[in-house]
A.B. asks: 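Mind looking over this structure? Questions follow.
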Amino acid sequence: MKEQLRQAIQIALQQCYTNGTLSSGEMPVEIQLEIPKNPEHGDFASNLAMTMAKVERKAPRQIAEALVAALQGNPLCDKVEIAGPGFINFRLAASCWYRVLDQVMEQGAQYGRSRIGAGTRVQGEFVSANPTGPLHIGHGRGAVVGDAVAAVLQAAGFEVQREYYVNDAGNQVKTLGRSILLRLRELQGQSIEFPEDGYQAGYVRELAAQLRAEKGELAGLDETEAIELCARFGVEKVLDWIAVDLKIFGIEFDQWYSEKSLYDRNLVDAELAKLKEKGLSFEQDQALWLRTTEYGDDKDRVLIKSDGSYTYFASDVAYHMEKFERGFDRVIDVWGADHHGYIPRMKAMLAGLGHPPEDLQVLLIQMVNLLRDGQPVTMGKRSGNFITLREVVDEVGRDACRYFFLMRRCDSQLDFDLELAKQQSSDNPVYYVQYAHARVCSINRNAAAEGVAQPKLDEVDCSKLQLDEELQLVKQLARFPETIIGAAVNHEPHRVVFFLQELAAQFHSYYNRQRVLVEDPATTQARLYLINSVRIVIANALQILGVSAPDKM
RNA sequence: GCGCCAGUAGCUCAGUUGGAUAGAGCAACGGACUUCUAAUCCGUAGGCCGAGGGUUCGAAUCCUUCCUGGCGCGCCA
């Protein structure tokens, strides 16, 4: 709808230039159209006349008058007015608005999708938690946001790949192996001293027991071999847990990318060689450094330590170089906000290689403070006492949990009180939206029971929808496609949540005031047409968020 | 000390990328179920947009200086 109006304005501009009422001949880069807060200002408002004032060297109102004159008689517009310092307010004809319903019905599950991202390949990397323990609640937030950003991008036509980067090569993995081996020895009756920096949590004992059952007592292996075996076993099992937990949470990846495989294929050395070739790295104090200060970082960063081992940064560099070599136009990383200090060095690396730094966009997810009855729950894999994502999902429910994470912008912190989330479960916002969907389905069932047929596209008389609240609902439905686009390009899935909240509120209000199944068949048909459009849009939006749309509650 | 994020109603947060009179949800108070599901609706009340300065036709939004909270600043991951 917005786009149609934009085109009409463009034509009007052209007209003004040819008939001489406007002189500069310059087409504005962008015609801004906004939905005014005050409904008296029409359906759309544009500041075009004001932004053109400088180039045209005319008063805004004068420009506005010329444009309005050119728009006279356009069937799209019911009323075009000049207001304030030079705003142009457009009121669109109701008949135009009601065509939105036809679009929703025709496009069905496709309504809201667009092609603006067509041809752009995007990679989204998220979660990427170390495979040394189960996912906790903070991972959950990153997982849902990453998944929803990917979904919203796909809805806007981008080609998106979801990837989980498995850190299966570093020290943490070795520590896991050592921890499992110690617990195994413990099971075998040996007395052990468990180190401070080992993984203390109960699942390590579980892993040790499983290992014993599957692999035996590891007799005849020396320490290094045993740790290696334990580590590999542990990583494999933990990754299985993670994959299952994520699946239960509604998240699946296109690819699990192993850090170890970078080394196995010699990719790290190969990519580091390229950096050296370009003169971006240098040796100092027996270590290899990347000259990130050249591109805005405040320190140079070590790639290979003086003892010859690689830093995580080394494989991260290789990994990201390799991402672009795979042909992605844009890479999105979802990180915990505590890693924000890594952004400058990653961007510096890209800049050094001649990539615009904007090709890598890092989405920082602020911390989740997990509370129980207002008391903070201590987190940390090593300390042992932590609540897993799985426990939270089992306790709160998948839909509520996902919705909760998506309700706020990801760069503000989030208090997640388990007791509160459970208590609120009956008036949790997610149910509010789902209930709207279920209500439409319920009306459909009643209609069917009374033998009322569902409306057909060409047979509906939308002029039966005379109420203002009906028009408002249609306008909200019309905003769905642009909401998706905004959420996609800004990586802000919470916009979809707020859109849904608003739509559901309008629907519930309408439902309480008006009856859908009424005496007059034509009105009934028109209203069924309207509410089923609402149902479709709610379902489409929830689908993008990974939340179910129940027919019955 | 330096950097990143946040600061909007009692609480939790939106605010269409600089637009017209700052909005929702909880919580509070008052109403609505012989009517398609009351997991709902209607109404009332609630504000120095952290503070000061600047940019312009116009600022919650941009620049700047402070204040407060969180997180970072390793040849850790």
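Because only heavy atoms are used, hydrogens play no part in the values below, and waters and symmetry mates are left out as well, while side chains stay in. Quick caveat: nothing in here was measured; it's all calculated off a predicted structure. Numbered from 1 within each chain, the chains take letters A, B, ... in sequence-line order.
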A.B. asks: In whole Å, I'd like the distance from the CZ atom of A:Arg495 to the P atom of B:G15.
C.D. replies: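 Distance, rounded to whole Å: 7 Å.
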A.B. asks: Distance alone, cut at 3.5 Å: any donor-acceptor contact between the side chains of A:Gln454 and A:Tyr529?
C.D. replies: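 There is no such pair between these side chains.
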A.B. asks: When rounded to the nearest Å, what value does the distance between P atoms of B:C11 and B:U56 take?
C.D. replies: 36 Å
A.B. asks: Look at all strands and tell whether A:Ala436 reaches a base, only sugar-phosphate, or nothing, counting heavy atoms closer than 4.0 Å.
C.D. replies: nothing
A.B. asks: Between A:Phe507 and A:Tyr511, how do the two ring planes meet: parallel, tilted or perpendicular, split at 30° and 60°?
C.D. replies: tilted
A.B. asks: Could you walk me through whether A:Asp551 and A:Arg445 pass the side-chain contact (heavy atoms from CB on, under 4.5 Å) test, one step at a time?
C.D. replies: CA-CA 10 Å; A:Asp551 292 349; A:Arg445 283 192 294 272; 4.1 Å; yes
A.B. asks: Using a 6.0 Å cut-off, check whether atom CD of A:Glu40 has over 12 heavy atoms from anything other than its own residue.
C.D. replies: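 Not buried by this count: 12 neighbours or fewer within 6.0 Å.
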A.B. asks: So A:Leu545 and A:Arg402, do their side chains get closer than 4.5 Å, heavy atoms only?
C.D. replies: no
A.B. asks: Across the strands shown, which category fits A:Lys299 at heavy-atom distances under 4.0 angstrom: base, sugar-phosphate, nothing?
C.D. replies: sugar-phosphate
A.B. asks: Looking only at side-chain atoms of A:Trp289, point me to the closest of B:U37, B:U16, B:C75.
C.D. replies: B:C75
A.B. asks: Distance check needed: B:U56 P versus A:Asn47 CG, whole Å only.
C.D. replies: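 Spelled out: CG on A:Asn47 to P on B:U56 is 18 Å.
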A.B. asks: Whole angstrom is fine here: how far is it from CG in A:Asp298 over to C1' in B:G1?
C.D. replies: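 My rounded result for the distance is 13 Å.
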A.B. asks: It should be established whether A:Lys37 places a side-chain nitrogen or oxygen under 4.0 Å from OP1 or OP2 of nucleotide B:G19.
C.D. replies: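 For A:Lys37, the contact criterion (side-chain N or O under 4.0 Å from OP1 or OP2 of B:G19) is not met.
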A.B. asks: Going by distance alone, is a donor N or O of one side chain under 3.5 Å from an acceptor N or O of the other, for A:Gln514 and A:Glu470?
C.D. replies: no
A.B. asks: Centroid-to-centroid, A:Tyr165 to A:Tyr319, below 6.0 Å?
C.D. replies: yes
A.B. asks: Quote, to the nearest angstrom, the C1' distance that separates B:U21 from B:U65.
C.D. replies: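 Straight-line distance between the two C1' atoms is 31 Å.
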A.B. asks: What contact category does A:Asp300 fall into here, base, sugar-phosphate, or nothing, at under 4.0 angstrom with non-hydrogen atoms?
C.D. replies: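 Nothing, no nucleic acid heavy atom in range.
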A.B. asks: Round to a whole Å and report the spacing from CG of A:Asp551 to P of B:U37.
C.D. replies: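 One finds 14 Å between P of B:U37 and CG of A:Asp551, rounded.
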A.B. asks: By the 4.0 Å heavy-atom rule, please label A:Ala83 as base, sugar-phosphate, or nothing.
C.D. replies: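 Base contact.
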A.B. asks: Classify the side-chain pair A:Tyr310/A:Asp269 by whether it contains a donor and acceptor separated by less than 3.5 Å.
C.D. replies: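 Looking only at side-chain atoms, A:Asp269 and A:Tyr310 do form a donor-acceptor pair, the distance falling under 3.5 Å.
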A.B. asks: Does a nitrogen or oxygen in the side chain of A:Ser306 sit under 4.0 Å from OP1 or OP2 of B:C75?
C.D. replies: no
A.B. asks: With sequence neighbours excluded, what pairs up with A:Tyr432 under the side-chain hydrogen bond (donor to acceptor under 3.5 Å, both in side chains) test?
C.D. replies: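 A:Tyr432 satisfies side-chain hydrogen bond (donor to acceptor under 3.5 Å, both in side chains) with no other residue.
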A.B. asks: I'd like to know if A:Asn89 reaches the base of B:A20 with its side chain such that a donor and an acceptor end up less than 3.5 angstrom apart.
C.D. replies: yes
A.B. asks: Which residues, if any, of residues 518-539 of chain A bring a heavy atom under 4.0 Å of RNA chain B?
C.D. replies: none
A.B. asks: Enumerate all atom pairs, one protein N or O and one N or O from nucleotides 40-42 of chain B, separated by less than 3.5 Å.
C.D. replies:
| residue | atom | partner | partner atom | Å |
| --- | --- | --- | --- | --- |
| B:U40 | O2' | A:Arg439 | NH1 | 3.0 |
| B:U40 | O2' | A:Asn512 | ND2 | 2.6 |
| B:U40 | O2 | A:Asn512 | OD1 | 3.4 |
| B:C41 | OP1 | A:Tyr432 | OH | 2.4 |
| B:C41 | O4' | A:Asn512 | ND2 | 3.1 |
| B:C42 | OP1 | A:Ser509 | OG | 3.0 |

A.B. asks: At what distance, to the nearest 0.5 angstrom, does NZ of A:Lys260 lie from CG of A:Asn167?
C.D. replies: 13.5 Å
A.B. asks: Start at the 5' end of RNA chain B and walk down; is the nucleotide closest to A:Glu492 or to A:Val302 reached first?
C.D. replies: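 Its nearest nucleotide being more 5', the pick is A:Glu492.
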A.B. asks: In whole Å, I'd like the distance from the CG atom of A:Asp307 to the P atom of B:G74.
C.D. replies: 18 Å
A.B. asks: Give me the stems containing RNA chain B, sorted by first residue, counting only three or more consecutive Watson-Crick or G-U pairs with both distances under 3.5 Å; say none if there aren't any.
C.D. replies: B:1-7 with B:67-73, B:10-13 with B:23-26, B:28-32 with B:40-44, B:50-54 with B:62-66
A.B. asks: May I have the distance from A:Leu176 (atom CG) to B:C76 (atom C1'), rounded to whole angstrom?
C.D. replies: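 It is 17 Å, rounded to the nearest whole Å.
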A.B. asks: For nucleotides B:U61 and B:G74, find the distance between their P atoms and express it as a whole number of Å.
C.D. replies: 34 Å
A.B. asks: Looking at the base of B:G72, is there any donor atom on it, or on the side chain of A:Asp338, that sits under 3.5 Å from an acceptor on the other one?
C.D. replies: no
A.B. asks: A:Pro36 or A:Gly341: which one's nearest nucleotide on RNA chain B is closer to the 5' end?
C.D. replies: A:Pro36
A.B. asks: Could you check whether A:Arg61 pairs with A:Glu65 (Lys NZ or Arg NE/NH1/NH2 to Asp/Glu carboxylate O, under 4.0 Å)?
C.D. replies: no
A.B. asks: Using a heavy-atom cut-off of 4.0 Å across all strands, would you classify A:Met50 as base, sugar-phosphate, or nothing?
C.D. replies: base
A.B. asks: Over how many whole Å does the gap from A:Asn444 atom CG to B:U37 atom C1' extend?
C.D. replies: 14 Å
A.B. asks: Who are the side-chain hydrogen bond (donor to acceptor under 3.5 Å, both in side chains) partners of A:Asn171, not counting sequence neighbours?
C.D. replies: none
A.B. asks: Would A:Asp307 and A:Lys305 satisfy salt bridge (Lys or Arg N to Asp or Glu O under 4.0 Å), going step by step from the backbone distance to the final call?
C.D. replies: CA-CA 5 Å; A:Asp307 66 359; A:Lys305 299 181 236 173; 5.3 Å; no
A.B. asks: Would you kindly give the CZ-to-C1' distance between A:Arg515 and B:C33, to the nearest whole Å?
C.D. replies: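 Result: 14 Å.
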A.B. asks: Taking the six-membered ring for Trp, does A:His41 stack with B:A20 (centroid gap under 5.5 Å, planes within less than 30°)?
C.D. replies: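 It does: the ring sits over the base of B:A20.
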A.B. asks: Verify the stacking flag for A:Phe87 against B:A20: centroid separation must be under 5.5 angstrom and the ring planes must differ by under 30 degrees.
C.D. replies: yes
A.B. asks: Less than 3.5 Å apart, any donor N or O on the side chain of A:Asn130 or A:Thr132 sitting next to an acceptor on the other?
C.D. replies: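 On atom types as modelled, these side chains do not qualify, holding no pair under 3.5 Å.
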A.B. asks: Does the pair A:Lys276 and A:Ser281 meet the rule for a side-chain contact (heavy atoms from CB on, under 4.5 Å), with working shown?
C.D. replies: CA-CA 5 Å; A:Lys276 190 162 221 166; A:Ser281 61; 3.7 Å; yes
A.B. asks: Under 4.0 Å between any heavy atoms, over every strand shown, what does A:Gln506 touch: base, sugar-phosphate, or nothing? Just pick one.
C.D. replies: nothing
A.B. asks: Check nucleotides 11-14 of chain B against the protein and report each pair of N or O atoms closer than 3.5 Å, with its distance, or say if there are none.
C.D. replies:
| residue | atom | partner | partner atom | Å |
| --- | --- | --- | --- | --- |
| B:U12 | O2' | A:Arg408 | NH2 | 2.0 |
| B:C13 | OP1 | A:Arg408 | NE | 3.2 |
| B:C13 | OP1 | A:Gln413 | O | 3.3 |
| B:A14 | OP1 | A:Arg409 | N | 2.7 |

A.B. asks: Since syn is defined as within 90° of 0, does B:C4 count as syn or as anti?
C.D. replies: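 B:C4: anti glycosidic orientation.
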A.B. asks: Among B:U37, B:A20, B:G72, which nucleotide sits nearest the side chain of A:His340?
C.D. replies: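 Nearest to the side chain of A:His340 among the choices is B:G72.
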A.B. asks: Check whether any side-chain N or O of A:Lys305 sits under 4.0 Å from OP1 or OP2 of B:G74, and answer yes or no.
C.D. replies: no
A.B. asks: Output, in order, the C-alpha distance, side-chain angles, deciding distance and verdict of side-chain hydrogen bond (donor to acceptor under 3.5 Å, both in side chains) for A:Tyr164 and A:Glu125.
C.D. replies: CA-CA 6 Å; A:Tyr164 187 118; A:Glu125 181 215 321; over 6 Å; no
